[in-house]
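Numbers restart at 1 for each chain; the letters A, B, ... are given by sequence-line order, proteins then strands. All values below were derived from every heavy atom in this structure, side-chain atoms included, with hydrogens, water molecules and symmetry-related copies excluded.
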Amino acid sequence: MPKHKSDNTSDTKPVKIKSAKKMRDLMTTYYLDALSAKQNNKLVAWITSGGPVEPLVAMDIIPVYPENHGAMIGSSKMGEDLCIKAEDMGYSSDLCSYARTDISCSVVKGGPIGGLPEPDMLICCNNICGTVLKWYEVQARFYNVPLFILDTPICHTQYSPEIAKYVRAQIDEYIAFLENVTKRKFNYNKMVQVGKLAFEGQLLWQKVLDTTAHRPSPMSAFDAFFFLALIVTLRGTQIAVDFYKELIEEMEQRSKDGISAVKDEKYRLLWDNLPVWYQLKWLSGKFSEHNACLVADTYTSAWCGAIKYIDENNFLDSIAEAYTRIYLNIGVDQMADQVLDMIKFYDADGFVMHSNRSCKPYSFGQLDIMNIIKEKTNIPVLMIEADMVDPRNFSQSQIETRIDAFMEIIKQRNH
Amino acid sequence: MIYAGIDIGSITAKSALIKDNKLLGTHVMLSGYNPLNAGIKVFETLLKKSELSKKDITAIVSTGYGRASVNFADNAITEIICHGAGAHFMNPTIRGIIDVGGQDSKAILLDTNGQVENFAMNDKCAAGTGRFLEVMAKALEVDLDQLGEFSLKADSPSKISSICTVFAESEVISMISGQQKRENIIAGIHESAAARVAILATKIKIKDPIMMTGGVAKNKGMANALEGRLGFKFVKGNLPQENGAIGAAVLASRI
Ligand code: SF4
């Protein structure tokens, strides 16, 4: 075998993260609860990944995330089939693969868990993209349930007083909508509690991600992609808070013991955009082969990136701003600034950008960000074309050559 | 000491030998469907041509799409780095490389030491690659090698608007039935392919002097079209198709 294939791979497997099992159990319980909601007289709301979930938690409504479900479909390599089904139904292959798989899954009840529990209402926040608007409208018609749309204007540079007023007013409308659908009064006291837990959960998630600043990194972005699910689905609960506390402890212990995610970590990389769910294993193996660890990414940090705007003592007022100023809803210059900060904080040797066929808001502007990073840091940047769920947009041998060449450049530079 | 480079591309396999920093020889043949066999054959033929045997070779580097299959190589390095090393070896002033191969086209930016600073490759699409030209040559019943000559005689290049190879082919077929001059259609094909490749060069902000490498560099029409698009004149290299293999041999000498 050529050297670059065998020399760097080691027989000893990396030490597994123990908390992973607990995390799997928590997610199973969460999905079982959601699937049995009707029997337990609980309501289910489908909500977009960037939507304010806390009022739902305060109202004891079970939030379910079609995007998290999409990630599960992708990881279990069931994306292609479901995408094709959606295309058979008439949807364009250019439509986001989360939307395609969710729409077809609703009809055929496919996927790893046989489809999501039917929603009693839909909550759609367009801070992540415009696709979700039409997608949720389709689902509202399909299930014949009420839909609430929270419109967050893009904040290219600043959060103007007009935007503040506009979004804040919608938070009240959101609460009125929930009262109307549930026929119950909103529980403001519980909201305070949930708000504090959501805030704490995000701080802890940030701390989990920060542990990778250690050399060698105790976990990789591939682990973060997995552990992310709790801050998305169980944000605002004690469960998420407790779990992340344990996870931080484990990571700190791994750092102390010198346990690394990648054997003989030599290079540290930053990842941009959603994961390629059906190729996580291959990609992580590919990078490890080069002794490279993806130490951080712009995706998982999106669920704690706006904490600075949250006031835990004035939660409802402050989330208007926090939910509006998330990574995908700001200008390219601000995105690049965040990337630059991350490169510095995690001491990255290279930046890998996934140009994602599905996610237009994430992928549009990447070339500009790439140029800004090149200009300001001089670290190599790699762009690979793929899709998070639809494997028909992934060409392994082409991507392999690009990654190998990119790593060869990094090695030459650090020689 | 003698070093060898073996480049297994999607269409052709190339080998090169280097001794005392001088090129000893090269060989080119079709890859066939078995990359390992192609590697063995292209290597052994060159050894024979050069009156050498395997034991005379100190180190071998493989490159190209089939690089991992060449199990007798000491190292496998991507064609991006190899083309960089090859171009620098042939002409140390080179800063930019445009490589158009069988199923890949790429633009590479070198620093002053000949190390790769940045690169861009075509995405999952054959437009702007050798394969695109091959399909078109077939549709026009022209030998691939003659495309260049034909296009030099064009008076007004036809306009191919489809990017997709398959659609472009039907566009070309309707141009043929529309009695457009073959020379003009071919020139239009080169313009269309060059436009795709030029995007890669602009993406990495390519710098002069630029060398064109890869099998397609031998096509004068394509080279002219690219020069026109980019506004640069290419530095003439004698062995564009063998450049990756030459680079691989250069890198073998550094193992
Ligand atoms: S387009 Fe992007 S942000 Fe929108 S739903 Fe799809 S993946 Fe999420």
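To the nearest 0.5 angstrom, A:Arg413 atom CZ is 8.5 Å from B:Gln115 atom CD. Here the straight-line distance linking atom NZ of B:Lys205 with atom CD of A:Glu375 works out to 6.5 Å at 0.5 Å rounding. The distance from atom OG1 of B:Thr78 to atom CD1 of A:Ile409, rounded to the nearest 0.5 Å, is 7.5 Å. Here B:Gln103 contributes atom CD and A:Ser397 contributes atom OG; the two are 6.5 Å apart, rounded to the nearest 0.5 Å.
Summarising the local packing, CE of B:Met29 is surrounded by more than 12 heavy atoms from other residues, nucleotides or ligands at distances under 6.0 Å. Heavy atoms from other residues, nucleotides or ligands lying under 6.0 Å from NZ of A:Lys374 number more than 12. Atom NZ of B:Lys54 has 12 or fewer neighbouring heavy atoms from other residues, nucleotides or ligands inside a 6.0 Å radius. Within 6.0 Å of atom NZ in A:Lys376, 12 or fewer heavy atoms from other residues, nucleotides or ligands are found, so the atom counts as exposed in its surroundings. The number of heavy-atom neighbours closer than 6.0 Å to CZ of A:Arg357, taken from other residues, nucleotides and ligands shown, is 12 or below.
Of all non-hydrogen atoms in B:Val116 and A:Gln412, the two that sit nearest each other are N-OE1, 3.8 Å. A pairwise comparison of heavy atoms in B:Phe119 and A:Arg402 identifies CZ-O, 3.7 Å as the closest pair. Residues A:Thr401 and B:Glu79 share a closest heavy-atom pair of CG2-OE2, 3.8 Å. Nearest heavy-atom pair across B:Ile81 and A:Ala405 is CD1-O, 4.0 Å.
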| Do A:Glu408 and B:Ile80 pass the side chain to side chain contact (heavy atoms under 4.5 Å, CB included) test, and can you show the C-alpha distance, the side-chain angles, and the key distance before you say yes or no? | CA-CA 9 Å; A:Glu408 283 160 6; B:Ile80 293 123; 5.9 Å; no
| said: Show, in sequence, the C-alpha distance, side-chain angles and deciding distance for A:Met383 and B:Met121, and conclude whether the side chain to side chain contact (heavy atoms under 4.5 Å, CB included) test is met. | reply: CA-CA 10 Å; A:Met383 178 101 68; B:Met121 290 169 87; over 6 Å; no
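Looking at B:Asp104, only its side chain comes within 4.5 Å of chain A, counting heavy atoms on both sides. Contacts of A:Asn371 with chain B are made by side-chain atoms alone, with heavy-atom separations under 4.5 Å and no backbone atom involved. Using a 4.5 Å cut-off between heavy atoms, A:Leu367 touches chain B through its side chain atoms alone. With a 4.5 angstrom heavy-atom cutoff, B:Lys106 does not touch chain A via any of its atoms. A:Ile399 does not touch chain B: none of its heavy atoms, backbone or side chain, sits under 4.5 Å away.
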